[in-house]
Amino acid sequence: MSGDRTQAPFGRRSAAITAHEDHGAYVVLRCSDPAGPRPQAGQFYMLSSATRWGGGENERPFLPRAFSVLRAEHRELHFLIEDVGPGTKRLCELRPGDDLLLVGPLGTGFVSPREGRAPLLVGGGVGIAPLAIWQDELGGQAPALLGFRDAAHAAGAVLLAAPRVATDDGSVGHHGLVTELMTERLDADDHVEVYACGPPAMLEAVRELCARRDVPAQLALESGMACGFGACFGCVVPTRHGLIRLCLEGPVLDAAVLETAVVAGAGH
Amino acid sequence: MSGDRTQAPFGRRSAAITAHEDHGAYVVLRCSDPAGPRPQAGQFYMLSSATRWGGGENERPFLPRAFSVLRAEHRELHFLIEDVGPGTKRLCELRPGDDLLLVGPLGTGFVSPREGRAPLLVGGGVGIAPLAIWQDELGGQAPALLGFRDAAHAAGAVLLAAPRVATDDGSVGHHGLVTELMTERLDADDHVEVYACGPPAMLEAVRELCARRDVPAQLALESGMACGFGACFGCVVPTRHGLIRLCLEGPVLDAAVLETAVVAGAGH
Amino acid sequence: MTTLDFCGIALEHPIINGSGTFDAIAAHRAFGDELLERFPFAAFVSKTVTLEPRQGNPPPRLWEVPAGMINSIGLPNKGLEGYLAEDLPRLAQLPAPLIVNVMGFTREQVAELVTAFSAREEVAALELNVSCPNVETGLVMGADPDEVAALLERVRPLTDKPLIVKLTPNASDVAAVASAAQQAGASALSLINTLRGMALDPRSGSPWLGGTTGGVSGPAVRAIALAQVQAVSQATNIPLIGMGGVQSGRDALDLIRAGADLVAVGTESFRDPVAGSRIAAELAALLQTTEPVKTW
Amino acid sequence: MTTLDFCGIALEHPIINGSGTFDAIAAHRAFGDELLERFPFAAFVSKTVTLEPRQGNPPPRLWEVPAGMINSIGLPNKGLEGYLAEDLPRLAQLPAPLIVNVMGFTREQVAELVTAFSAREEVAALELNVSCPNVETGLVMGADPDEVAALLERVRPLTDKPLIVKLTPNASDVAAVASAAQQAGASALSLINTLRGMALDPRSGSPWLGGTTGGVSGPAVRAIALAQVQAVSQATNIPLIGMGGVQSGRDALDLIRAGADLVAVGTESFRDPVAGSRIAAELAALLQTTEPVKTW
Ligand SMILES: Cc1cc2nc3c(=O)[nH]c(=O)nc-3n(C[C@H](O)[C@H](O)[C@H](O)COP(=O)(O)OP(=O)(O)OC[C@H]3O[C@@H](n4cnc5c(N)ncnc54)[C@H](O)[C@@H]3O)c2cc1C
Ligand SMILES: Cc1cc2nc3c(=O)[nH]c(=O)nc-3n(C[C@H](O)[C@H](O)[C@H](O)COP(=O)(O)OP(=O)(O)OC[C@H]3O[C@@H](n4cnc5c(N)ncnc54)[C@H](O)[C@@H]3O)c2cc1C
Ligand SMILES: Cc1cc2nc3c(=O)[nH]c(=O)nc-3n(C[C@H](O)[C@H](O)[C@H](O)COP(=O)(O)O)c2cc1C
Ligand SMILES: Cc1cc2nc3c(=O)[nH]c(=O)nc-3n(C[C@H](O)[C@H](O)[C@H](O)COP(=O)(O)O)c2cc1C
Ligand code: FES
Ligand code: FES
């Protein structure tokens, strides 16, 4: 987005894990980062484990992995991680006493709602992570609508204040899509600015809904990344102005620049 | 050697670690191998860990590693391991609850002394491993001369019965080379057959000594191995009859077939 | 049990071994008859045979690299006569068809080898290893379309048996070589052989391998193999044997999707002697749930 | 501080970046002035510039492989004009000499690029990326000795600046190409570029990468790079920049022992943005205790 980014210390630094918490299908890792700046909500870090990064399924992971910051307090960074492959699996194994290697904060963060608009947070799955820190920064009152696959995933909802939850299988909260909750909200009052993060299909539904109703939205996207700092040109996503490097110009993008929020190769 | 080898079950099997013991600079790993046959002294196994084989220093280990059997009792196999690189390092990390993957027993074992000759065991460093099981099989009485770098390594001497120890730094036992102890022995009585295993330079000294005195010797050699069962042709050592695959025709060789026991690329 | 047809040879499944990565005679000594009862490959490819016996390269011959290895084995073998006398009778007993891999340093040498094996009914097919220089032209036979065509023109008439040309990956345009081989009468193509690599002794700084350089194999080369198989598949329409870094049914499926008919396992057998059977089973399971067709 | 001389350019240490693997302008946005204060490379090589702007390949552009990655970036860049207007002034501020990497699809395009940069004193040297086909001949410029010679004959007279030819590893005989480049006036050679590789989407079975195939880099290719650097070093006597999978001072030392004068770091910078500095320090420490001379 347009705000001045918080820049990262140059280099990769080691950060001691201070806590590992299980939240249903997710793990929250906390690490101490005394040398790093306070990140902006929506910024991300490239993470790897200090040992045994490599040698997993098919000899991977090799490259670091991108993670939104979930929270940053008391010189600690929190990350929300879903085990979906060799890199996230390895990170989920880490415990206090282990070290992370990290580069960041990287990319752009969310910016305050436009004049006269109230924030509305819409998250799907592990995409709730950047909304947690953003809700904090907005004063803890911003309404949050969160969608999950099932109860195991919905356990992550406790990470935000007073969320309304939807699950695909109806096991928790509304039985259906989070965008249904969002439509309800917009029907009641559409003087909002939407902040959304989640799987590509959800983000695309949010984008379309907002576009149709002329509601501004800031979307935190994902795409496959190798470096996270603009070096590889690997993370491009299509926008109305051509392909842009998501790690540099994003991950938070104004929905208006997107024709679609579906990025080839992103998501599971 | 000439004896009929004990054949391995076809395939790689998983074996639960039952004990991890530290002996100074060495680790003894025990694993249960209910499906495997009782190996011959001098035979070896190709070992890897069931998890995290790979991803170590420089993304290695990739190939399994060869280890002489140290002892085989009660359907358990014992191995003596010295951490010298990424593969041995990973194996030394294993604890009860972890699994080994193993193929074996492989190669040829020691054979009984020729008529009228008493066995004399000569080991250097981690090369004492095959002598321990051989001493057991010979009835526990065969004299053993063992050489080590220092006290930390000499801690391995307890694995044999009544050994005479030499150390390079004189910290334990005789200050000097194990071949000096051996010369002493041969001077006293050379109606022996020597069984030796150790670093190339030591084996070569043993070979020369025996050749000079017409004492028969069975040497357990080392060379870099990829497969251990004759598939890769990688482990060849020079003999009077040309290059032979050590994993198939050895690792125990009659000293008479060797012009030298120094194998290019073996040892540390 | 359904069988599949490869150049007229009936195979029980699509997994075979890469030449030089499994010695069935040695494995029989190590594992006994269980090897024959549970033979891991649908066909057995023997290690490269040359006209004269070869000792191979001096040790060390092996070096481990990230996700793979380098070998400088140097094609040790008993030579044609030794092979015919000692190995062929034993390999004929295997419960799988025999493919003999041969190499010559001149076209005439290859011709002699092909003629000799053509006469042996124990041999189901011949694989030509063309990853060596033709000493008469100085060109690597398999790196140059004209070289490979001239070779096949010489040897194709000498046998009715399937002639598989094993391509080298160290070529500017593997597809062009493949297409020349097809036009000159190759029955099938196999790829990839190892990539040229080197390692230095960390202590001395001089080359580690007795052969100075060697061939890289294993997972490290898998993506390169896949690209070459796909390129060759698009340039030809004869059967293909894909190989290079295969460790799982998933890797085998990838090669099949890229155009391979059979898949060969090499380095992975060093880690697990029954890798062939495991990969065949994993592949069969995947094929039940997936269409192996190329989707582009 | 001692400096070393590379084609008349004074460098503080032998570690530079591989073209296309570090964007100093982007890194300045991400890391601020600390990047300039602790610039990791002794010279900065910019990403390949073409005559016209290019968007590059559609995503996805990345795939992870055992001990490495494949990219199908597709050389996105602003084109000559955009580069001169926007990037050159900023890159000229870097605390390291600037090497501009250029590529053309015809010899005339390369000539135009060389002429344009030859006039700019901010540019210390030019690197020619010859890993693409000459659209007029259909041959990959860097895979064929005659092609590379013809290219250099055309562009060598156009500039006094050092011309570094970046060789492609996807060639039958890299040493022959290298030697042709030297004879036709190359000032130095750099290698290796990425190896052609492919990946399939595990779900659909169709190619994962937007560019269908891509280039393999990282530790997986290190042994191949070492063999090629050694072969080129034996065939030429101009300065060499070695690269391919370098992650440590040890890897850099290996390339130097194989004949490289400078070592470039590519993929490792993605894992650690200051990898260049770390590797330079590790190498310096090793060089204090080891003779880097070739011992064979
Ligand atoms: C800006 C940003 C912020 C993110 N924030 C979070 C977060 O807060 N929490 C979180 O859990 N995740 C987050 N992610 C996603 C996270 O980075 C990925 O889940 C992670 O990279 C997956 O790595 P892996 O090794 O576990 O799985 P991979 O195996 O890498 O699989 C992940 C996906 O990558 C593809 N893939 C499969 N194999 C390969 C291969 N060999 N090479 C390349 N791609 C392959 C497939 O699409 C697969 O579904 C974020 C991503 C971005 C870009
Ligand atoms: C028959 C036999 C029996 C053995 N029995 C025992 C035993 O009982 N106990 C025991 O501790 N050891 C035994 N060994 C030795 C053991 O196999 C090796 O110590 C082990 O393989 C080392 O692996 P690593 O990964 O720890 O070290 P590596 O890094 O593989 O280093 C070991 C040596 O290999 C060479 N080397 C270094 N880098 C590489 C590379 N990249 N590729 C290839 N080679 C390299 C060097 O010479 C180095 O000193 C035996 C070996 C054989 C052949
Ligand atoms: C140790 C070793 C020996 C080999 N010997 C031969 C050979 O004699 N003839 C041949 O055509 N290929 C030979 N190859 C190449 C393999 O058959 C195969 O093409 C290559 O290893 C790639 O497959 P992989 O990655 O599964 O090993 C050899 C490979 C290795 C690793
Ligand atoms: C993402 C990526 C982009 C690259 N872009 C270029 C490029 O624009 N021009 C070029 O000459 N080489 C390019 N290369 C090749 C590298 O400069 C280098 O030759 C290669 O990656 C091998 O080194 P490495 O293994 O250290 O990465 C690129 C490599 C990568 C991984
Ligand atoms: S991840 Fe490398 S440029 Fe964005
Ligand atoms: S280790 Fe493979 S043949 Fe001996």
Side-chain angles (χ1 to χ4, degrees), chain B residues 4-13 37 43 46 48 53-65 85-87 101-108 223-238 241-249 262-268, chain C residues 17 20-40 47 53-77 201 203 208-210 214 217-220 266-275 277-278:
Chain B
D4 270 342
R5 73 187 66 211
T6 297
Q7 289 176 325
F10 183 42
R12 182 176 63 171
R13 57 195 187 277
Q43 285 194 300
M46 296 302 285
S48 50
W53 194 252
E57 179 201 321
N58 222 335
E59 310 279 326
R60 299 192 301 132
F62 171 69
L63 297 164
R65 303 295 197 250
L101 296 179
L102 58 82
V103 178
L106 296 165
T108 56
S223 77
M225 293 186 175
C227 70
F229 60 97
C232 73
F233 285 77
C235 61
V236 292
V237 300
H241 322 302
L243 296 170
I244 61 161
R245 281 172 284 182
L246 190 70
C247 70
L248 203 62
E249 315 296 347
V262 176
V263 176
H268 313 294
Chain C
N17 67 300
T21 64
F22 203 94
D23 178 341
I25 297 170
H28 190 234
R29 286 173 67 189
F31 301 117
D33 287 342
E34 218 188 318
L35 171 77
L36 309 177
E37 288 149 22
R38 296 170 51 213
F39 197 70
K47 186 161 176 65
R54 289 169 60 90
Q55 270 235 107
N57 288 326
R61 291 178 170 183
L62 301 172
W63 182 257
E64 195 176 58
V65 298
M69 58 179 281
I70 321 182
N71 81 81
S72 76
I73 307 299
L75 304 171
N77 77 97
D201 184 333
R203 267 160 293 194
W208 172 265
L209 296 168
S217 64
T267 303
E268 185 64 6
S269 292
F270 302 159
R271 295 169 23 118
D272 175 5
V274 294
S277 309
R278 174 177 56 76

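Here is how names work: the chains are called A, B, and so on, in the same order as the sequence lines, proteins then strands, and each is numbered from 1.
- With hydrogens and angles ignored, the 3.5 Å screen pairs a side-chain donor or acceptor of C/Gln55 with a backbone N or O of B/Leu243.
- With a 4.5 Å cut-off on side-chain heavy atoms, B/Glu249 and C/Arg29 count as touching.
- Using a 4.5 Å cut-off between heavy atoms, C/Ala67 contacts chain B through its backbone alone, with no side-chain atom that close.
- Between the CD atom in C/Glu268 and the CZ atom in B/Phe62 there is a gap of 6.0 Å [rounded to 0.5 Å].
- Put simply, of B/Leu101, B/Val103, B/Leu106, B/Val236, the one with the most heavy-atom pairs under 4.5 Å next to chain C is B/Val236.
- Taking the side chain as every heavy atom from C-beta outward, C/Phe270 and B/Met225 never approach each other to under 4.5 Å.
- When all heavy atoms of B/Cys232 and C/Ile73 are compared, the closest pair comes out as O-CD1, 3.1 Å.
- Taking CZ from B/Phe229 and CG from C/Asp23, the interatomic distance works out to 9.5 Å, rounded to the nearest 0.5 Å.
- Between B/Trp53 and C/Arg271 the shortest heavy-atom distance is CD1-NH1, 4.4 Å.
- In terms of heavy-atom pairs under 4.5 angstrom with chain C, the leader among B/Gly230, B/Gly54, B/Gly224 is B/Gly230.
- In this structure, the portion of C/Thr267 lying under 4.5 Å from any heavy atom of chain B is its side chain and not its backbone.
- B/Ala226 and C/Met69 get closest at one heavy-atom pair: CB-CE, 4.2 Å.
- Ranked by heavy-atom pairs under 4.5 Å with chain C, the first of B/Arg60, B/Glu59, B/Arg245 is B/Arg60.
- For the set B/Ser48, B/Pro61, B/Ser223, the count of heavy-atom pairs under 4.5 angstrom toward chain C peaks at B/Pro61.
- Scanning all heavy atoms of the two residues, the minimum distance from C/Pro59 to B/Ala264 falls at O-CB, 3.4 Å.
- Listed here is the closest heavy atom pair of B/Pro9 and C/Phe31: O-CD2, 3.5 Å.
- Counting heavy atoms from C-beta outward, B/Phe233 and C/Lys47 have side chains that approach closer than 4.5 Å.
- With a 4.5 angstrom heavy-atom cutoff, B/Arg65 touches chain C only via side-chain atoms.
- Using a 4.5 Å cut-off between heavy atoms, C/Asn17 does not touch chain B at all.
- Between chain C and the options B/Gly228, B/Cys247, B/Ala231, heavy-atom pairs under 4.5 Å are most frequent for B/Ala231.
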